[in-house]
Amino acid sequence: MIVAYGFANLLQSVAAARTTVHHTFDPGLLLRLAGHRTYLIGLACQVVGFVLAFLARRDLPLFLVQASVAAGLGVTAVLGVLVLKWRLPAAEVVLLVLLFGGITALVLAAEPAPSRQLGTAGLVGLVAALGLIAGSGFFAARLRGALGSVVLGSLAGMAFSAAAVAARPLASADSTEAFVRDPLLYLLIAHSVVGQLLLGLAMQRGSTTAAVAAMDAAGAVPAAIVGLLLLNDKIWPGREWLAGLGFLVTLAAVVGLTRYAEPQHHHATARGREPAMIGAGVVPVQAASTGPRSETTTSTGGVGSTEMVAGRRRPITRS
């Protein structure tokens, strides 16, 4: 499950970086991403991870399963370094180590137990959460850069957290008919689609590590609280301190990761007051009077074109 989510994050981020940046809450982005084979492979990895996580939620507490999903962040970072030549600061490496340490503590503290069913109030709460998250995403889609990456990633995490809450009791369905007729199934699907759209928008704006870290942080806390209060999630007696420490360390690590949100592969942008620059493989852009604009880059080889931001060159990969 951890490896599947790690591959999914990486592959989907590559496809998102190769898709036109959107500053609106446009569901059509998912259709455009689906036109990339890389994204579809990443989506298949995510489905595998989702199925494994769904099965795990039948007996394991949400704070453990969601923490395991968060561990995919470390796999994504390692793959990014090995495959895409990302450069992670030493402090970010330390934070990744702390993240895995916190997750290990949660694994040791979690006690398996079947889920309690959500009542009508729980269903109404999930419906309200869907509207609130989607509405917030509509406005947050206008944010750019690292801030937009973190905010949209956080909203995606909340959507996936709500999906996890729906999945925990749904996984205990005693028949296929009961599974299909349960409204939790359709709430799970709706929250997952919204979360997928928000995650795609987040990955277009900045660091994949920051977007996924924000998603995991925002997704872990609500699910853990709801699981402990309403869904019969349990901690081994005497290990409450370990669970609390592990959760705090995990949150500190993922929040700390957002501080190092350096754009790694998103589209080039240029501020309106910057002069147009002419160089090998760069098409000059007319300066705009208002706000930032996209800058088109070309390369005869398709790989190795350059990005001009504040007078600096950084290698990017184009489709």
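The only member of V194, I133, L132 that meets side chain to side chain contact (heavy atoms under 4.5 Å, CB included) when paired with M158 is I133.
I103 contributes atom CD1, which lies 12.0 Å from atom CG of L108 (distance to the nearest 0.5 angstrom). Note that OG of S115 is 9.5 Å distant from CG of D59, once rounded to the nearest 0.5 Å. Taking CD of Q117 as the start and CG of D182 as the end, the distance is 7.0 Å to the nearest 0.5 Å. Residue R116 holds its CZ atom at 7.5 Å from CG of L231, rounded to the nearest 0.5 Å. Separation of atoms CG (L143) and CG (L201) is listed at 11.0 Å; rounding is to 0.5 Å. From L106, atom CG reaches atom CG of L245 across 9.0 Å, with rounding to the nearest 0.5 Å.
A166 and P169 make their closest contact through O-CD, 3.6 Å (heavy atoms, listed as atom of the first residue, atom of the second, distance). A164 and Q66 get closest at one heavy-atom pair: CB-OE1, 3.4 Å. Closest approach of G137 and L198 over heavy atoms only: CA-CD2, 3.8 Å. Here the closest non-hydrogen pair linking P112 and A110 is CD-O, 3.9 Å. Contact record, A223 with G219: CB-O, 3.5 Å, taken as the closest heavy-atom pair. In this structure, A163 and S192 approach most closely via the heavy-atom pair CB-OG, 3.7 Å.
S149 places a side-chain N or O within 3.5 Å of a backbone atom of A202 that can act as its donor or acceptor partner. Under the 3.5 Å distance criterion, the side-chain polar atoms of N232 are left unmatched by any main-chain donor or acceptor of A113.
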Next item on the list: Using the side-chain contact (heavy atoms from CB on, under 4.5 Å) rule, take V97 and V94 through it: C-alpha gap first, then chi angles, then the decisive distance, then the call.
Entry: CA-CA 5 Å; V97 173; V94 173; 5.6 Å; no

Next item on the list: Report the C-alpha separation of V165 and L62 in whole Å, then their side-chain angles, then the decisive distance to 0.1 Å, and conclude whether the side-chain contact (heavy atoms from CB on, under 4.5 Å) test is met.
Entry: CA-CA 8 Å; V165 169; L62 288 179; 4.2 Å; yes

Next item on the list: Would you check, one step at a time, whether the test side-chain contact (heavy atoms from CB on, under 4.5 Å) holds for F50 with L188?
Entry: CA-CA 11 Å; F50 174 82; L188 183 156; 3.3 Å; yes

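Side-chain contact check for F100 versus V249: every heavy-atom pair is 4.5 Å or farther apart. By the 4.5 Å heavy-atom criterion applied to side chains, C45 and V48 are not counted as neighbours. A 4.5 Å side-chain heavy-atom check between W236 and L242 finds every atom pair outside the cut-off. Here the side chains of P183 and L123 are in contact, with some heavy-atom distance below 4.5 Å. Taking 4.5 Å as the limit, some side-chain heavy atom of L170 sits within range of a side-chain heavy atom of F54. Annotation: side chain of L126 is in contact with side chain of L118 (closest heavy-atom distance under 4.5 Å). Q196 has its side chain within reach of F160: a pair of non-hydrogen atoms, C-beta onward, lies under 4.5 Å apart. Annotation: side chain of H191 is not in contact with side chain of S161 (no heavy-atom distance under 4.5 Å).
Under the 4.5 Å side-chain heavy-atom criterion for grouping Ile, Leu, Val, Met, Phe, Trp and Tyr, V193 is connected to Y186 within one hydrophobic cluster. Put simply, F179 and L52 are part of the same group of oily side chains (I, L, V, M, F, W, Y) that touch within less than 4.5 Å, one to the next. Residues L184 and V124 are members of separate hydrophobic clusters, defined by side-chain heavy-atom contacts under 4.5 angstrom among Ile, Leu, Val, Met, Phe, Trp and Tyr.
The list of salt bridge (Lys or Arg N to Asp or Glu O under 4.0 Å) pairs with a residue in residues 222-241, not counting sequence neighbours, reads R168-D233.
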